[in-house]
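Taking it in order: structure first as structure tokens, then the write-up.
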Amino acid sequence: MRVDIISIFPEYFAPLDVSLMGKARERGILDIRLHQLRDWAHDVHRTVDDTPYGGGPGMVMKPEIWGEAIDAVVGAAAAGGEAAPEGAVAPRMIVPTPSGRPFTQEVALEYAKEPWLLFTPARYEGIDSRVMAEYGFRLRVDEVSIGDYVLAGGEAAVLVMVEAVGRLLPGVLGNAASVADDSFAPGTMENLLEGPVYTKPPTWRGHDVPEILLSGHHGKIARWRRDEALRRTAEKRPELLARLDPDSLDKHDRQL
Ligand SMILES: CN1CCCC[C@@H]1Cn1ccc2ccc(-c3n[nH]c(N)c3C#N)cc21
């Protein structure tokens, strides 16, 4: 998967050089390219923002700059200037914004199927809306939000989304099964929170590991883990239980 990120703070993405994402890049599973938006601002101050039409607080990011940057990043591949990933003519353009659709595990799985993603994290009050209109169809523009709180810009959201998507790519996680056991993962864990986890020692400061986990009885352990996931979901996120497919609950689940 190729991932392009256009930002006025490309240094914000240093964390993508380490840990799981760093290894995925070293192994060629993820091809992350960072671009400084100001490289397409031609005035002496490399200005990327201006006052909002209609008045109001803050500044808005100028459409011309974003248009030149996106054309350069996308056009280079589309114009045959370089090999587009897996024949993709154009990337999916993802715009982080508090007014976007919720970014969920389901959306992460959707993005993980794409050969090429273009992230356009903004600052100030956001990007002039004509940019999303200009690329809406050709780049399948998707405005998404990582949660109901307000950040100072989109870069942190891109870090979250790149990690959530990157870890789903084949070969990134050592144990592919762990993706299936994720909270919210489609299948048995869909709309359920993960249960508690433990490791050695069996007793620590008077706290014992639940006996069942030391039993070696895999069927009973799986049952205990699902009970804990249902209990924890009911306690912390009861609204998720309402989304559960009743057919996914067995007789034991229903007794809880
Ligand atoms: C504060 N300031 C004036 C009000 C509007 C937003 C603006 C700041 N800001 C600029 C670009 C930008 C992109 C994403 C987000 C963002 N906030 N919360 C989320 N879940 C986000 C996502 N994903 C915030 C952004």
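Both counts, for ligands and for their atoms, begin at 1 and track the order of listing.
- Closest protein heavy atom to atom 10 (C) of ligand 1: Tyr124 O, 3.3 Å.
- Ionic pairing of Arg25 and Asp17 is present here: one or more N-O contacts between side-chain nitrogen and carboxylate oxygen are shorter than 4.0 angstrom.
- At the top of the distance list for atom 19 (C) of ligand 1, counting protein heavy atoms only, stands Tyr149 O, 3.5 Å.
- Of all the heavy atoms of Ala152, the ones lying under 4.0 Å from any atom of ligand 1 belong exclusively to the backbone.
- Under the 4.0 Å criterion applied to side-chain N and carboxylate O atoms, Glu228 and Arg231 are assigned as salt-bridge partners.
- In this structure, Phe103 does not count as a contact residue of ligand 1, since none of its heavy atoms falls inside 4.0 Å of the ligand.
- At a threshold of 4.0 Å, the pair Asp4-Arg2 counts as salt-bridged, since one of the basic side-chain nitrogens sits closer than that to a carboxylate oxygen.
- Separating the CD atom in Glu155 from the CZ atom in Arg123 is a distance of 4.0 Å, to the nearest 0.5 Å.
- No donor-acceptor pair under 3.5 Å is formed between the side chain of Tyr124 and the backbone N or O of Gly153.
- Under the 4.0 angstrom criterion for non-hydrogen atoms, Val144 is in contact with ligand 1.
- At a 4.0 Å heavy-atom cut-off, ligand 1 touches Thr97 through the backbone alone.
- Scanning all protein heavy atoms for the shortest distance to atom 13 (C) of ligand 1 gives Pro96 O, 3.2 Å.
- The shortest contact between atom 3 (C) of ligand 1 and any protein heavy atom is with Glu125 OE1, 3.4 Å.
- Summarising the contacts of atom 20 (N) of ligand 1 with Gly147, Ala122, Gly126, the nearest heavy atom is found in Gly147.
- In His45, the NE2 atom is not crowded: 12 or fewer heavy atoms of neighbouring residues, nucleotides or ligands sit closer than 6.0 Å.
- The neighbour count for Glu106 CD, taken as heavy atoms of other residues, nucleotides or ligands under 6.0 Å away, does not exceed 12.
- Evaluated by nearest non-hydrogen atom to atom 5 (C) of ligand 1, the leading choice among Ser145, Gly153, Ala156, Pro98 is Pro98.
- For Arg223 and Asp253, the salt-bridge test passes: some basic side-chain N is under 4.0 Å from an acidic carboxylate O.
- In this comparison of Val95, Leu151, Ile94, the heavy atom closest to atom 8 (C) of ligand 1 sits on Leu151.
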